[in-house]
Amino acid sequence: MSGLTRSDRLRLAAERLKAAGIDEAADDARRLLLAAFDASPARLLTEMASEMPDAELGRFDALIGRREQREPLSHILGTQPFWTLELKVTRDVLTPRADTETLIEAALAAFPDRRAPLRILDIATGSGAIILALLSEFPNATGAATDISEAALAVAQENADLTGLADRVSFQHQSWADGLEGPFDLLVSNPPYIATAVIDELEPEVRAYEPRMALEGGRTGFEPYPHLFAEASRLLVPGGLALFEIGYDQGVRAREAASEAGAKETRILKDLAGHDRVVSLRFSV
């Protein structure tokens, strides 16, 4: 026996991940230890002073090695928490991020009646995170969600099944909302918004592992939005709301494009870090 306890192994693993440039090294190491331990967190706590069996040590070392190579934690574990849900994640979809919860919060604030029978459209749904989070909060709502990637839609459908929401959402393979007919009370989207030239400068977890089509918003990063704003105008009921995630530096551009699209009310909402994160549009009030 090595004499090293699980606590020792956890500390050494966190040091490896920190040396690899991972900011949340300690938290990532803890989550990977739990995956290797393959039992409840409560039981793991009671056994941190014990040595690891060889099989567990082998699993843990392999998991840490993958993270050390900057493979996303969500890909290693196969899931990612978003809002109140635990969602499946693969290389075919963006990993849902906490910043996107700003959009969920905005929708809840705009529609305080949680029993409302809303009709919701999610454009470029990816893993289905946004539409599923909203349906989980609005039990009488129904939704439609689109994506150009059939592989992404397969992940979204699986997440709908896993969360028990599949009977209230339909997933459709198409570009943006082309050919869809409304009306919808709420339109949401997290489209690609990173400029082409910037993608290769992103952290390895993003540039090497996440689908480029879900990241790249053209030369300026803003190219999808004028079309999407026009679609919102076409598809929303009178007084309906559109919420789009945007890049941290796109607030001014979004406000200008919204005005050009005929929006009567435009708001820029900030995330917890104080960055512009969501543009809220109404085309009639």
Less than 4.5 Å apart, side chain to side chain, heavy atoms only: is that true for Ser149 and Met213?
yes
Is the number of heavy atoms from other residues, nucleotides or ligands under 6.0 Å of Met48 CE greater than 12?
yes
For a side-chain contact (heavy atoms from CB on, under 4.5 Å) check, start with the C-alpha distance between Arg277 and Lys270, then their side-chain angles and the critical distance, and finish with the verdict.
CA-CA 5 Å; Arg277 185 57 56 192; Lys270 295 185 182 295; 6.0 Å; no
Side chains of Glu245 and Thr100, donor plus acceptor under 3.5 Å:
yes
Under 3.5 Å donor-acceptor, Thr46 side chain and Arg43 backbone:
yes
Is it true that Leu269 and Leu236 fall in one hydrophobic cluster, defined by side-chain heavy atoms closer than 4.5 Å?
no
Distance-only, no hydrogens or angles: does the Glu101 side chain make a donor-acceptor pair with backbone N or O of Trp83 under 3.5 Å?
yes
Do the non-hydrogen side-chain atoms of Leu118 and Phe111 ever get within less than 4.5 Å of each other?
yes
Rounded at 0.5 Å granularity, tell me how far CZ in Arg66 sits from CD1 in Ile76.
5.0 Å
Leu108, CG atom: more than 12 neighbouring heavy atoms under 6.0 Å
yes
Checking Leu135 against Val169 for the side-chain contact (heavy atoms from CB on, under 4.5 Å) test, could you report, in this order, the C-alpha distance in whole Å, the side-chain angles of both residues, the deciding distance, and whether it holds?
CA-CA 8 Å; Leu135 291 178; Val169 61; 3.7 Å; yes
Provide the closest heavy-atom pair for Pro112 versus Ala109 in the form atom of the first, atom of the second, distance.
CD-O, 3.9 Å
Any chance you could measure Leu77, atom CG, to Lys88, atom NZ, to the nearest 0.5 Å?
14.0 Å
If the plane angle is over 60° it's perpendicular, under 30° parallel, otherwise tilted; pick one for Phe222 and Tyr225.
parallel
I would like to know whether Ile199 and Arg212 meet side-chain contact (heavy atoms from CB on, under 4.5 Å); could you show each step before the answer?
CA-CA 8 Å; Ile199 290 179; Arg212 192 177 181 104; 3.6 Å; yes
For residues Phe283 and Leu121: do they belong to one hydrophobic cluster (side chain heavy atoms under 4.5 Å, members Ile, Leu, Val, Met, Phe, Trp, Tyr)?
yes
Using side-chain contact (heavy atoms from CB on, under 4.5 Å), reason through Asp99 and Tyr248 one step at a time and then give a plain yes or no.
CA-CA 10 Å; Asp99 288 343; Tyr248 72 95; over 6 Å; no
Compare all side-chain heavy atoms of Arg115 with those of Pro139 and state whether any distance is below 4.5 angstrom.
yes
Verify whether the ring centers belonging to Phe244 and Phe229 lie closer than 6.0 Å.
yes
Residues 172-188 side chain polar contacts: donor-acceptor under 3.5 Å, at least two apart:
| from | atom 1 | to | atom 2 | distance (Å) |
| --- | --- | --- | --- | --- |
| His173 | NE2 | Ile148 | O | 3.0 |
| Gln174 | NE2 | Asp178 | O | 2.6 |
| Asp178 | OD1 | His227 | NE2 | 3.3 |
| Asp185 | OD2 | Arg119 | N | 2.8 |

Can you find a heavy atom in the side chain of Glu137 that is under 4.5 Å from one in the side chain of Arg114?
yes
Checking side-chain polar atoms at under 3.5 Å, does Thr79 have a donor or acceptor matched by the opposite partner on Glu86?
yes
Thr5 side chain vs Ala49 backbone, donor-acceptor pair below 3.5 Å
no
Going hydrophobic residue to hydrophobic residue with side-chain gaps under 4.5 angstrom, can you get from Phe138 over to Ile123?
no
Connected via hydrophobic side-chain network under 4.5 Å: Phe171 and Phe82
yes
Donor-acceptor check, side chain of Asn159 to backbone of Leu87, threshold 3.5 angstrom: yes or no?
no
Looking at Ser280 and Leu243, would you say the former's side chain and the latter's main chain have a donor-acceptor pair under 3.5 Å?
no
Using a strict threshold of under 4.0 Å (side-chain N to carboxylate O), is an ion pair present between Glu203 and Arg70?
no
Salt bridge or not between Glu231 and Arg234? Use side-chain N to carboxylate O under 4.0 Å.
yes
For Ser136 and Leu85, which heavy atoms make the closest approach, and how far apart are they?
CB-CD2, 4.3 Å
CZ of Arg16: more than 12 outside heavy atoms within 6.0 angstrom?
yes
Please give me the minimum heavy-atom distance between Gly239 and Ser284, naming the atom from each residue.
N-OG, 2.8 Å
Any chance you could measure Leu132, atom CG, to Thr163, atom OG1, to the nearest 0.5 Å?
4.5 Å
Rounded to the nearest 0.5 Å, what's the gap from CG on Leu134 to CD1 on Ile120? Could you check?
5.0 Å
Output the distance between atom OG (Ser127) and atom CG (Leu153), rounded to the nearest 0.5 Å.
11.0 Å
Close side-chain approach of Ile104 and Ile130, heavy atoms under 4.5 Å:
yes
Can you give each donor-acceptor pair under 3.5 Å made by side-chain atoms of residues 19-37, sequence neighbours left out, with the distance rounded to 0.1 Å?
| from | atom 1 | to | atom 2 | distance (Å) |
| --- | --- | --- | --- | --- |
| Asp28 | OD2 | Arg67 | NE | 2.9 |
| Asp28 | OD2 | Arg67 | NH2 | 3.2 |

Kindly give the heavy-atom pair with the smallest separation between Tyr209 and Pro204, and that separation in Å.
CD1-O, 3.6 Å
Beyond-backbone contact of Gln250 with Asp276, side-chain heavy atoms, under 4.5 angstrom:
no
Any donor and acceptor pair, going by atom type alone, linking the side chain of Glu223 with main-chain N or O of Arg219 inside 3.5 Å?
yes
Quick check on the hydrophobic clustering: are Leu281 and Ile268 connected, directly or via other members, by side-chain heavy-atom contacts under 4.5 Å?
yes
So, taking the atom named OG1 in Thr95 and the one named CD in Glu210, what distance separates them when rounded to the nearest 0.5 Å?
4.5 Å
Taking all non-hydrogen atoms of both residues into account, name the closest pair between Pro224 and Pro191 and its distance.
CB-CB, 4.4 Å
Are Arg97 and Asp271 close enough for a salt bridge, meaning some N to O gap below 4.0 Å?
no
If you define the side chain from C-beta out and look only at heavy atoms, does anything of Asp92 sit under 4.5 Å from Pro211?
no
Which heavy atom of Ser189 sits nearest to which heavy atom of Ala124, and what is that distance?
OG-CB, 4.5 Å
Considering only NZ, NE, NH1 and NH2 on the basic side and carboxylate oxygens on the acidic side, decide whether Glu51 and Arg6 come within less than 4.0 Å.
no
Is the closest side-chain heavy-atom distance between Lys264 and Arg282 below 4.5 Å?
no
